[in-house]
Protein chains: 2
Amino acid sequence: MQNIEMRLLAKPLYLQVRDVLVNRISGGDWRPGASLPNETLLAQQLGISIGTVRKALDIMESERIVTRRQGRGTFVNDFSQQPLFFSNLVTRGGEPLIGQKHCKSVSHGVASEETAFQLDIVPNDAIITVKRVRYHDKRCYMTETCSLPSKKFAHLPEKLGDYRLSELAQMNGIIVGGAEESVSTQPANASDAGDLGIEPNTPVLALERKIFSERGDVLEWRSGRAFLRHERYVVRFV
Amino acid sequence: MQNIEMRLLAKPLYLQVRDVLVNRISGGDWRPGASLPNETLLAQQLGISIGTVRKALDIMESERIVTRRQGRGTFVNDFSQQPLFFSNLVTRGGEPLIGQKHCKSVSHGVASEETAFQLDIVPNDAIITVKRVRYHDKRCYMTETCSLPSKKFAHLPEKLGDYRLSELAQMNGIIVGGAEESVSTQPANASDAGDLGIEPNTPVLALERKIFSERGDVLEWRSGRAFLRHERYVVRFV
DNA sequence: AAGTGGTCTAGACCACAGA
DNA sequence: CTGTGGTCTAGACCACTTT
């Protein structure tokens with residue numbers, strides 16, 4: 001398949017195949033929801049064995065990039081209309097909490113020292129800042145300030161204030177890979193209190209979250225304050 | 001390998017192999033830290049192909065039951081001296097927080113309605129209740145009340161108050177499979193306040209955690225209150 | 001009936017660790 | 001040098017879905 005010299009330096013073939021397929025998906029060769037060529041065909045096109053293709057697809061399935069269905073095919077996952085896999089606020093019943101977003105402001109500016117550090121960019125790089133609140137059962141349960149590195153998002157939706165990161169990433173050929181959230185309890189400031197309908201200094205959950213791309217780049221930094229009643233913050237480890 | 005009739009009803013062979021190996025580990029055939037027979041030998045002993053054995057071991061590795069090292073072998077993981085994989089309290093530096101446990105009380109009793117519900121047993125089943133506090137940097141940062149179903153833990157360590165669940169499970173041939181934690185903010189009660197060295201009603205993080213075995217049984221239910229300064233509660237999603 | 005992914009097998013060869 | 005897990009190949013057959 002390749003020179004021996006190449007093989008010694010390179011990643012395993014199945015990882016290379018994974019990268020090739022992921023890049024073709026990012027590049028738009030196969031849109032979200034579309035089906036990939038069947039495994040036999042992929043193997044022929046790449047000039048490798050079907051077992052190696054299957055191993056690459058196994059990885060991509062575990063990364064939530066594709067879904068395989070016996071008898072039907074392999075499909076590119078479409079997250080544009082779903083919450084991302086790590087939504088940790090759940091309703092009393094345990095379903096992911098899908099609140100309604102109300103945008104309070106959208107601004108295009110430059111990164112402060114702190115924001116640049118969080119987004120892993122340099123100060124004064126262009127960023128987009130969105131402030132909004134979230135409602136569920138007619139109650140505002142959360143305020144959030146989101147920062148995005150402008151450089152990664154050339155294409156923006158018309159109503160930027162209501163963006164879903166899953167949708168925004170998809171529009172820009174970016175695959176979401178993971179997230180990290182830090183939880184603490186802090187007193188509500190005057191602005192939070194007004195939004196959440198509580199007294200200032202009432203303790204709320206402070207949620208600081210970074211979302212990463214499949215390559216490890218920071219896509220969004222969010223600082224949120226939540227005042228929960230029936231909703232819960234739940235984490236599962238498997 | 002088997003009758004066709006058997007095959008139609010059964011799980012895939014590699015899952016059966018996984019179950020066989022897991023049961024042999026639970027049963028003590030291979031102790032934590034020990035090495036399994038090599039893949040070729042396992043395949044011969046089970047009368048199956050090496051590829052199928054490898055797929056079973058792949059799963060067991062992803063379940064954190066074994067570790068494979070090229071050139072050395074496959075080893076049963078030993079968690080007796082480590083924190084479990086889902087320790088979410090981290091120091092300022094980001095390392096898992098390994099606090100010192102100070103036991104306040106150990107009692108053998110029966111489950112209340114609530115505890116039985118949480119542990120998925122019936123009320124009045126025997127349980128063990130351990131109350132303790134945790135220190136880090138000479139400061140008490142957390143109080144916890146842990147409930148364990150007695151039935152699952154026939155073997156108990158001498159100093160039960162200081163138990164690590166990872167160790168306790170291992171002693172009883174149980175493999176830890178996962179956990180679920182619910183986070184909220186609540187005011188400290190008088191007892192918490194005394195332990196944590198804070199004023200009553202100071203908001204603290206309330207951590208309610210269930211730990212499950214690899215089979216899905218509840219092994220421990222813990223209700224904790226944490227007052228964090230430099231430590232943080234962090235969750236990673238991948 | 002045709003096409004897809006899923007399971008299982010068999011064997012060659014590579015990379016790493018330790019005696 | 002020997003033994004281990006890791007990679008890659010090739011092919012048979014099964015189970016599921018759609019035509």
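A quick note: this is a predicted structure, and the numbers were derived from the prediction, not measured.
Put simply, CD1 on A:Ile48 is 10 Å from P on D:dA10, counting in whole angstrom units. Note: CG (A:Leu46) to P (D:dC8) measures 13 Å, nearest angstrom. Counting to the nearest Å, the P atom of D:dT4 and the CG atom of B:Leu57 are 14 Å from each other. Remark: C1' of C:dT7 and CD1 of B:Ile59 are 12 Å apart, rounded to the nearest angstrom. Between B:Ile50 atom CD1 and C:dT7 atom C1' the separation is 17 Å, expressed in whole Å. In this structure, A:Phe75 atom CZ and C:dT4 atom P are separated by 11 Å, rounded to whole Å. A straight line from CG of B:Asp58 to C1' of D:dT7 spans 12 Å, rounded to a whole angstrom. Atoms CZ (A:Arg54) and C1' (D:dC8) sit 15 Å apart, rounded to a whole Å.
Between B:Lys55 and C:dC8, a side-chain N or O to OP1/OP2 separation shorter than 4.0 Å is absent. Neither OP1 nor OP2 of D:dT4 sits under 4.0 Å from any side-chain N or O of B:Thr74. Within the 4.0 Å cut-off from OP1 or OP2 of C:dG5, not a single side-chain nitrogen or oxygen of A:Arg72 is found. An OP1 or OP2 oxygen of D:dA10 is reached within less than 4.0 angstrom by no side-chain nitrogen or oxygen of A:Ser49. The phosphate of C:dT7 has OP1 or OP2 within less than 4.0 Å of a side-chain N or O from B:Tyr14.
Within residues 30-45 of chain A, no residue has any heavy atom under 4.0 Å from DNA chain D. For the segment residues 60-70 of chain A, the set of residues with a heavy atom within less than 4.0 Å of an atom of DNA chain C comprises A:Arg68, A:Arg69, A:Gln70, in numerical order.
Pairs engaging residues 145-164 of chain B under the ring pair (Phe, Tyr, Trp, His ring centres under 6.0 Å) rule: none recorded [sequence neighbours left out].
With 3.5 Å as the limit, one finds a donor-acceptor pair spanning the side chains of B:Asp78 and B:Gln170.
For the side-chain hydrogen bond (donor to acceptor under 3.5 Å, both in side chains) test, residues two or more places apart in sequence or in another chain that qualify with B:Asp29 are B:Arg24. For the salt bridge (charged side-chain N to carboxylate O under 4.0 Å, His left out) test, no residue two or more places apart in sequence or in another chain qualifies with B:Asp217. Applying the salt bridge (charged side-chain N to carboxylate O under 4.0 Å, His left out) rule to A:Arg18 yields the partners A:Glu63, A:Glu214; only residues at least two apart in sequence or on another chain are considered. Applying the side-chain hydrogen bond (donor to acceptor under 3.5 Å, both in side chains) rule to A:Arg72 yields no partners; only residues at least two apart in sequence or on another chain are considered. By the salt bridge (charged side-chain N to carboxylate O under 4.0 Å, His left out) test, B:Lys138 is found to be paired with no residue, residues two or more places apart in sequence or in another chain being considered. With sequence neighbours excluded, no residue satisfies side-chain hydrogen bond (donor to acceptor under 3.5 Å, both in side chains) with A:Thr145. Scanning for salt bridge (charged side-chain N to carboxylate O under 4.0 Å, His left out) contacts around A:Glu144 gives A:Arg132, A:Arg134, A:Arg222, with sequence neighbours left out.
In plain terms, the two heavy atoms of A:Leu119 and A:Leu148 that are nearest each other are CD1-C, 4.1 Å.
With hydrogens and angles disregarded, a donor-acceptor distance shorter than 3.5 Å links the side chain of A:Ser166 to the backbone of A:Phe79.
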Sequence neighbours left out, cut at 3.5 Å: what donor-acceptor pairs do the side chains of residues 39-47 of chain B make with other protein atoms?
residue: B:Glu39; atom: OE1; partner: B:Arg54; partner atom: NH1; Å: 3.1
residue: B:Glu39; atom: OE2; partner: B:Arg54; partner atom: NH1; Å: 2.9
residue: B:Glu39; atom: OE2; partner: B:Arg68; partner atom: NH2; Å: 3.3

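Stretches of at least 3 consecutive Watson-Crick or G-U wobble pairs, with each checked distance under 3.5 Å, appear in DNA chain C as C:1-18 with D:1-18.
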